[in-house]
Each structure stands twice: as C-alpha cells, then as structure tokens.
Amino acid sequence: MIDIKLLRQDPGGVAAQLARRGFRMDVDWYVSQEAERRSLQTRLEDLRKHRNEGSRRVGELKALESPAEELRVQLEKLTHLDRELVDAEQAFRKLSAGLEAFCLTLPNLLDATVPEGMEEGANQELRRWGHVPDFAFKPRDHVELGEMIQGMDFSAASVITGARFVVLRGILARLQRALTAFMLDWHVREYGYEEIYVPHLVNRQSLTGTGQLPKFESDLFRVGPDVDWFLIPTAEVPVTNLARDHVFSGSELPKQWVAHTPCYRSEAGSYGKDLKGMIRQHQFEKVELVQITIPGESSQAHERLVGHAESVLVQLELPYRVMLLCAGDTGFASAKTYDLEVWLPSQKRYREISSCSNFRDFQARRLNARWRQDAKSKPDWVHTLNGSGLAVGRTLLALLENRQDESGKVSLPSCLQSYLGGIREIRGGVGREHPNG
RNA sequence: GGAGAGAUGGCUGAGUGGUCGAAAGCGCUCCCCUGCUAAGGGAGUAAGGGUGCUUUAAGCCCUUCGAGGGUUCGAAUCCCUCUCUCUCCGCCA
C-alpha cells in the first residue's frame, strides 16, 4: 500500500507517478471521498465523546443514588444520541471500506531509476555473462531432448490432469531435485540465508499482504468451497508473511530467508503463449529468496540479492543477462525489478529465469511488518525484497538446451555432480542408476 | 471426527457490566546510590487515528483486551457466529 499520508497530502503527485506505469488513478473521486471521510470522522468522534461523557455521568448518578428524575432525563438524552451515532457509524464504515478498497488497488510508486516505457522492449539491459553456445548443428529444444532422454512426458501429464503440466522421470526427475538441493545449499552456505519450509496453501490475508489480492485473483488457483485457501503462486507469499504483524528489533535485521516450494499459477490470459514444453506450466518448482531489511538498506540489499541469484547461473555455467524492467513492466507491488534472463538456444533468445524486486515499504504496510531501532524509538515499516534463486523448471530446460551436443547428449556442470552420484552427462537411456532400469 | 479448556500490553498474568487502556511481576529506558560488578532505591514504558500544526510541538479527542455481530445509556467483563491455540479420546503419514 502507498503511504496514506502522502496520498492525502498530494494525490495529484501520486497519480502522476502511477501514470508512468500506465495506471490511471481517479483523483477526483479520491479527493471527494477523502474529504467526506474526514468530516464524517470528526463528527463521529464528537458524537462518541458525548456518548462517553453521558454514560460516565449515568454511572456517577447511580453510584450517588441521586434523584431518579435526573437519571431518567440523562438516559433519554443518551438513547437519542445513540440513534444518531449508529447512523454516523454506518456511513463512516461504508466510506472507509470504499477508500480502503481503493487504496489496495493502487500499485507501488516506482523508483526514480526505473526507465520509462510500457513494453518489454523498453526494458534496459544492464549486463551479460557467459558465452552463448555456438552450435555447429541445429540445437534441439528441451522437449526433443527430454524425449530422447525418455525423462520428460507431457502427454502423460495431460492424461493425469490436462495441459501445461509435465511428468519427469528417472534422471530428469533426479536432476530437478539436484538443482533444487544445490540452490538451497548454495544460498545457505555462501550467503547465510536461513532455509524455511512453509505451507503451500495460504489464506486471503496473506495474499493481500504481498499484493496478489485483491486485484489478481484470476491468476490463482483457489481451493474451495469449504475453505477459502489458495495454492501459492510463489514462495514469496508464505515466506514474506512470516513478517506479518511483527515488530523486528534492529539487531535481528536483515532477515535472509530461502525456501523451495512448488508454485501454482492459473496462467489465465496466457492462451497461446509458450504452449510447448516446460516454459509456462501451471505447476513448477522454485527456490525463492526473501529479505526483510531496514528502510535505509533495501537498495544495497536489492543489488546483493540479484548477485545471489546470478551466482547460481554462474555456478551452472548458463549464459544470462540482467534486465532493469521499465515502468510498464514492473510488477504491481514492486518499486524496482531486475529480471535475469537465461539464453535458450532453441528460441535464440533470452528468457526470464528470475525476477528480483524491491518492494520498499509497500508490502510492509499491507502486512503490518515493522521494526524498531531501539527500545525508545517508534516502530517503522520494514522493507521487503525477493527474487527467484532460481526458477527450477526453467533452469532444468536451460541446462538441457545449452549443454547438449549433436548426439543429444547433455553434460552436467561440476557443481551438481555431488548431488547426482558423480554422473557427468545424460543421454537417451544413459545416466540411469541401473542400465536395465 | 468426539469431549473439554482457553485467546488480555514486548513477555507472564489479574480483572465477570460504570474514571480499566487495563493490577502485579518480568523485560526495557532514564536517574540515584555504590572503587568496578552484583544487589538496592526512584521515575517512565502499547499501538493506530482525528484535531491542532502549516511543518514534523504541547494539548484535546476517538478507537483497539483473537475477529465479526448482538444486548445495554455504558462491554475486556453478558449473548451469538467464526478463527486460532491447548488437553484427552478416536483415526492417520
């Protein structure tokens, strides 16, 4: 949520900033509602004050056993006042709810360094790493490689469930598990993240806290009708909600959390996009980094966080580039987002494999997540950040495509070998634990 | 699934209709005392919002005792619904 004081003070300025995203804020509606709220609240509080004073007087009169007449008059007065109060309260509740709902749909303010632009093409490339493989043959895509290895089965998944799911078998199932374990261990060991295990079903409040609700319910899978729970679209939701309603002490920040979870997305509105293969699935594995910092440190933390995600690609020897997202491409809750894009030989282009965002205090307000410098100071909002470190499914397919040879054999980077019993390469029928299996 | 108990401030925990935003203790902050430390003494210590201000004041006021409704002039306290926690039984990975 945007700072409510800033919004009240300068609604036009906020609207102008949000316009960078292509978001149109109804300033007139807001200003008039806010003015009405203010006057209504003053009146309501005044009524309540009189009610409180009157009730206290009743108590006094009863205690003093004063004349019944005075008591009767007082009670009559209060009954009348109460009727007025009920009406005012109802009007105020309605108005506040409307304003609250309005504020929950406003996206975050953008960082000043976020480039203008509404299209993906306006994103800014900051740097590249690694060598894009120069194949002397026509590289196969991961679907074909997966078939040759007999480890990737889309039709089996569509029988079990439907489109946009996959079944992995044998070495590829193990490879996915190895990648997950490697990423978790890497972030814990190299950067001191605390590994977290979380629920994969979350309630409405958690999703509102991180910003998926109320605007993006159609992107989610809801579990119902008996319970109002949702399958998580990312570990960001449960992990960031660890900070909800919490006041951190300055000494315990920053928090660095890493979690592996499956992610479930309805992919509504992506019809026709990435229909083939593992790029866009309803279910995928992801290792997520989440940080909670004090406000002054989130920018540096953001840079470091991207570095942590990048280091995984370096370890896996996968060529990638770092993009600074433009205004129109930056997510609802984010002030600034870097995407990591990995090279996919079959598509001859870079595709997103990680998204690292600084939310500043936007989520913290929704989550009521605060910190306190020391015992004497007032609590203030924390800053929250997160990034994929990395999307495991896409990592797996990037690995297959980038490290294939003409025969369809795929070599494995050394960092994974301890996770795979020393296997160095995969090919059709090879790389299995038991040759006859 | 069955039976029962509970949810109060950073923590523990009193409080069953009228100065209760809330006793007491712990913790924390400041001060005093004491070569240092320890012990001791004193004071303070919830959050959010409105008004004020036109600048981040004082003061005044409102709200909040798990959440939401209700009864009442008045609710932490009584009633209803929900959520969560705990204990016992059953079942179960």
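Numbered from 1 within each chain, the chains take letters A, B, ... in sequence-line order. No experiment lies behind these values; they were computed from the predicted model shown.
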Considering only the P atoms, how many Å lie between B/G4 and B/A39, rounded to the nearest integer? 48 Å
For B/G9, which nucleotide in any strand shown is its Watson-Crick or wobble partner with both distances under 3.5 Å? none
Separation of the C1' atoms in B/A46 and B/U56, to the nearest angstrom: 22 Å
Around A/R169, counting heavy atoms of other residues, nucleotides and ligands shown, do more than 12 lie under 6.0 Å from its CZ? no
For a quick check under 3.5 Å, do A/Q363 and A/T384 share a side-chain donor-acceptor pair by atom type? yes
Is the centre of the A/H302 ring less than 6.0 Å from the centre of the A/Y338 ring? yes
Would you call A/E76 and A/R72 a salt bridge, using N to O less than 4.0 angstrom? yes
Taking atom P in both B/U55 and B/C60, what distance in whole Å separates the two? 23 Å
For the P atoms, the ones on B/G25 and on B/G42, what distance do you get once it is rounded to whole angstrom? 11 Å
Nearest of B/G50, B/G48, B/C73 to any side-chain atom of A/E45? B/G50
Given B/C73, B/G69, B/G48, identify the nucleotide with an atom nearest to the side chain of A/R93. B/G69
Heavy atom of residues 51-61 of chain A under 4.0 Å from RNA chain B: which residues? A/R51, A/N52, A/S55, A/V58, A/G59
Counting any heavy atom closer than 4.0 Å, what does A/R370 reach on the DNA or RNA strands: base, sugar-phosphate only, or nothing? sugar-phosphate
Distances under 3.5 Å between nitrogen or oxygen atoms of protein and nucleotides 51-58 of chain B:
none

Distance, P atom - from B/U8 to B/U85, rounded to whole angstrom: 14 Å
Does a nitrogen or oxygen in the side chain of A/R8 sit under 4.0 Å from OP1 or OP2 of B/G50? yes
Tell me what A/K62 touches on the nucleic acid: a base, only sugar-phosphate, or nothing, going by heavy atoms under 4.0 Å. base
Between A/E267 and A/R164, does at least one N-O distance fall below 4.0 Å, as a salt bridge requires? no
So, are A/R93 and A/E100 salt-bridged, with charged N and O less than 4.0 Å apart? no
For B/G59 and B/G68, measure between their C1' atoms and round to the nearest Å. 35 Å
How far does the P atom of B/G50 sit from the matching atom of B/A57, given to the nearest Å? 12 Å
A/F332-A/F23 aromatic ring centre distance below 6.0 Å: no
Using a strict threshold of under 4.0 Å (side-chain N to carboxylate O), is an ion pair present between A/R37 and A/E34? yes
Sole residue of A/D274, A/D141, A/D339 in salt bridge (Lys or Arg N to Asp or Glu O under 4.0 Å) with A/R351: A/D274
Contact under 4.0 Å: A/K49 side-chain N or O vs B/G50 OP1/OP2: no
